[in-house]
There are 2 protein chains.
Amino acid sequence: MSTAIIRKLEALHPLPEEDKTLLHAVIGRGRSLKAGEDIVSEGDHTDTVHVIIEGHGYRYKTLPDGKRQIIGYLVPGDFCDLYGFLLDKMDHGMAARTPCQVAELNEDHILMLTSRPALARALWWSELVNAAILREWLVNMGRRTPSARVAHILCELLVRLQVVGQATDDSFRLELSQAELGDTVGLTTVSVNRALQRLRGAGLIVSAGRGITIPDVAALKAFAEFDPAYLHFRQDREERP
Amino acid sequence: MSTAIIRKLEALHPLPEEDKTLLHAVIGRGRSLKAGEDIVSEGDHTDTVHVIIEGHGYRYKTLPDGKRQIIGYLVPGDFCDLYGFLLDKMDHGMAARTPCQVAELNEDHILMLTSRPALARALWWSELVNAAILREWLVNMGRRTPSARVAHILCELLVRLQVVGQATDDSFRLELSQAELGDTVGLTTVSVNRALQRLRGAGLIVSAGRGITIPDVAALKAFAEFDPAYLHFRQDREERP
DNA sequence: CGTGTAGTTGATAGAAATCAAATCTCGTGG
DNA sequence: CCACGAGATTTGATTTCTATCAACTACACG
């Protein structure tokens with residue numbers, strides 16, 4: 001089902017019915033990936049565009065000494081490498097964190113999609129958002145405390161999962177390990193663990209086993225200085241005139 | 001003179017003569033900005049595209065407590081906000097670090113440029129590079145030591161300035177204050193100062209007054225784990241088959 | 001020749017990394 | 001059903017690093 005993709009794109013720009021039909025037709029069922037598998041590996045060339053239908057993944061870079069930095073999360077509806085076929089080699093890898101369904105579109109499919117004005121605009125927006133997320137992460141790493149960093153990531157995932165219907169108003173299922181969180185915010189697992197404890201202690205999050213609940217979303221957002229404007233979703237654009 | 005712009009775009013994708021002529025015609029002389037002035041402010045809407053003709057700038061975000069995070073440098077040839085007119089509000093600011101000449105293109109100009117296949121491709125590449133730089137900076141902040149972080153930024157600036165003819169093989173003029181470097185790599189000025197001292201002590205850079213020289217570029221790149229591949233310049237693409 | 005900005009230095013407190021080990025979770029096979 | 005093992009989380013002790021604070025110096029500019 002390509003509903004997540006449509007939900008995400010429509011959160012960025014409204015789509016006429018024909019465009020949604022076209023999307024359904026083009027996306028299909030997708031390929032299944034096991035947890036841990038690479039969607040596209042660092043240094044690979046790809047001439048297809050990968051789209052997450054189901055499951056969660058991340059973008060990463062590996063350093064010479066084996067350390068890893070996660071540079072983005074992939075959730076249902078996300079286009080992994082809209083630009084990819086232009087590049088000779090991917091400058092970062094993408095991996096499935098959970099089992100995933102991933103569609104692979106070829107250049108013709110993409111041309112078909114981008115020849116529709118509304119779709120082209122939605123896709124273009126999605127790339128702008130990707131860049132905006134990177135900028136926000138940079139601020140997060142450079143200038144926030146460990147617990148605020150973790151909180152900020154949680155807020156972002158909450159909003160992004162809400163858009164595709166995978167989170168309620170105040171909770172979502174989190175399969176992120178603390179090691180992955182650490183590789184995301186530039187901390188060790190020990191520090192992430194202690195940051196989570198501080199958040200729990202402050203009553204900002206409720207449990208971090210197999211699903212996390214945020215008792216007071218506004219409080220967590222305030223603590224993390226989270227402003228969803230950078231995600232450029234329509235609902236947030238309209239809120240602020 | 002729009003030579004820097006042409007040099008940068010050609011480093012990404014070759015351009016036919018007509019395209020260069022068009023660029024010259026469209027760019028013009030540009031607007032003068034004083035050091036410290038905003039090119040585009042955070043939260044502003046703009047319906048023109050800003051291009052750096054001369055001078056250096058940076059992208060930044062300001063936090064509620066007044067702290068600042070620099071999220072990118074702007075050097076001659078860079079398009080600041082190719083996408084800008086799509087956005088209702090800019091999610092980050094751009095400022096001139098030195099006196100700048102900045103061209104302002106309107107939507108018609110951009111359409112004119114993007115209707116030329118080679119130019120469209122070069123501009124598209126330049127956006128891919130912008131995103132790639134952000135990813136690399138994330139790795140830098142998350143996983144490298146303070147002196148490696150600083151060294152990495154220096155390497156990036158060296159290469160980017162070389163492309164537009166503002167750096168020799170091993171030196172360039174650096175007007176970056178240590179405070180700015182700190183806001184870039186997430187350190188205090190004191191730590192930046194000490195990181196620079198370590199780099200000087202190791203013989204990796206030579207002086208950091210009004211121009212810095214890198215006695216052994218390869219050594220600095222190795223120390224910073226700098227691989228120019230992420231900048232996707234043609235010369236580097238061809239080096240690695 | 002003062003004044004302001006940027007750079008440098010030293011001392012100290014606080015925070016995160018590191019190291020090592022204990023505990024917990026959960027799927028698997030006996 | 002229970003024991004077992006791999007991987008994840010948690011904890012405590014210790015070391016190392018960075019932020020912070022507070023001078024002090026160097027230098028450009030009016």
Side-chain angles (χ1 to χ4, degrees), chain A residues 34-37 56 58 63 65-70 95-99 139-154 173-202 205-212, chain B residues 34-36 56 58 63 65-70 95 97-99 140-151 153-154 173-202 205-212:
Chain A
K34 287 196 276 279
E37 256 187 290
H56 294 182
Y58 54 82
L63 283 96
D65 62 0
K67 284 197 289 251
R68 178 183 63 164
Q69 175 68 45
I70 290 177
R97 203 179 69 230
T98 67
V139 175
N140 209 29
M141 292 244 283
R143 290 285 173 238
R144 281 198 262 263
T145 62
S147 39
R149 285 188 221 177
V150 171
H152 198 278
I153 295 289
L154 295 181
R173 200 159 214 86
L174 179 81
E175 302 97 344
L176 272 181
S177 74
Q178 297 183 358
E180 285 166 332
L181 264 176
D183 284 343
T184 305
V185 296
L187 296 169
T188 60
T189 58
V190 175
S191 296
V192 169
N193 183 281
R194 286 171 179 151
L196 286 170
Q197 285 178 45
R198 279 192 293 272
L199 292 178
R200 277 195 288 259
I205 62 175
V206 161
S207 98
R210 276 243 144 272
I212 141 168
Chain B
K34 287 197 276 280
H56 294 184
Y58 54 82
L63 283 97
D65 62 0
K67 283 196 291 246
R68 176 183 65 165
Q69 175 68 44
I70 290 177
R97 202 179 68 230
T98 67
N140 209 31
M141 291 244 282
R143 289 287 173 236
R144 281 199 261 263
T145 62
S147 38
R149 284 188 221 177
V150 172
I153 295 287
L154 295 180
R173 200 159 213 84
L174 178 81
E175 302 97 344
L176 271 182
S177 74
Q178 296 183 357
E180 285 166 333
L181 263 176
D183 284 342
T184 305
V185 296
L187 296 169
T188 59
T189 58
V190 176
S191 296
V192 168
N193 183 284
R194 285 171 180 152
L196 286 170
Q197 286 179 43
R198 278 192 294 272
L199 292 178
R200 278 196 287 261
I205 61 175
V206 160
S207 99
R210 277 243 145 270
I212 141 168

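Quick note on labels: first sequence line is chain A, next is B, and so on, each numbered from 1.
- Residue B/Glu180 contributes atom CD, which lies 11 Å from atom C1' of C/dA6 at whole-angstrom precision.
- Between A/Val192 and A/Leu196, the closest side-chain pair of non-hydrogen atoms falls below 4.5 Å.
- Under 4.0 angstrom from either OP1 or OP2 of C/dT8 there lies at least one side-chain N or O belonging to B/Arg200.
- Between C/dG7 and B/Asn193, no contact under 4.0 Å exists linking OP1 or OP2 to a side-chain N or O.
- Here the P atom of nucleotide C/dG14 and the CZ atom of A/Arg198 are 15 Å apart, to the nearest Å.
- By the 4.5 Å heavy-atom criterion applied to side chains, A/Arg198 and A/Pro146 are counted as neighbours.
- Straight-line distance from the CG atom of B/Leu199 to the P atom of C/dT8: 12 Å, rounded to whole Å.
- Contact annotation: B/Gln197 side-chain N/O to C/dT9 OP1/OP2 distance is under 4.0 Å.
- Nucleotides of DNA chain D nearest to B/Thr145 and A/Ser177 differ in position, and the one nearer the 5' end is that of A/Ser177.
- Within the 4.0 Å cut-off from OP1 or OP2 of C/dA17, at least one side-chain nitrogen or oxygen of A/Thr188 is found.
- Computed from coordinates, the B/Met141 CE to D/dT18 P distance equals 14 Å when rounded to whole Å.
- Distance, B/Gln178 CD to D/dA26 C1': 13 Å, rounded to whole Å.
- Rounded to whole angstrom, the span from the CZ atom of A/Arg194 across to the C1' atom of D/dT14 amounts to 11 Å.
- Atom-to-atom, CG of A/Leu176 to P of D/dG7 comes out at 19 Å; the value is rounded to the nearest Å.
- If you measure from atom CZ of A/Arg97 to atom P of D/dA8, you get 13 Å, rounded to the nearest angstrom.
- The side chain of A/Ser191 contributes no N or O atom lying less than 4.0 Å from OP1 or OP2 of C/dA16.
- Side-chain nitrogen and oxygen atoms of A/Arg143 include none within less than 4.0 Å of the OP1 or OP2 phosphate oxygen of D/dA19.
- When A/Lys67, A/Gln178, A/Arg68 are each tested for a side chain to side chain donor-acceptor pair (under 3.5 Å) with A/Asp183, only one passes: A/Arg68.
- The shortest side-chain heavy-atom distance between B/Val206 and B/Arg200 does not fall under the 4.5 Å cut-off.
- Nearest heavy-atom pair across A/Arg143 and B/Leu63 is CB-CD1, 3.9 Å.
- The residue B/Gly186 sits close only to the backbone: its heavy atoms come under 4.0 Å of sugar-phosphate atoms, none of a base.
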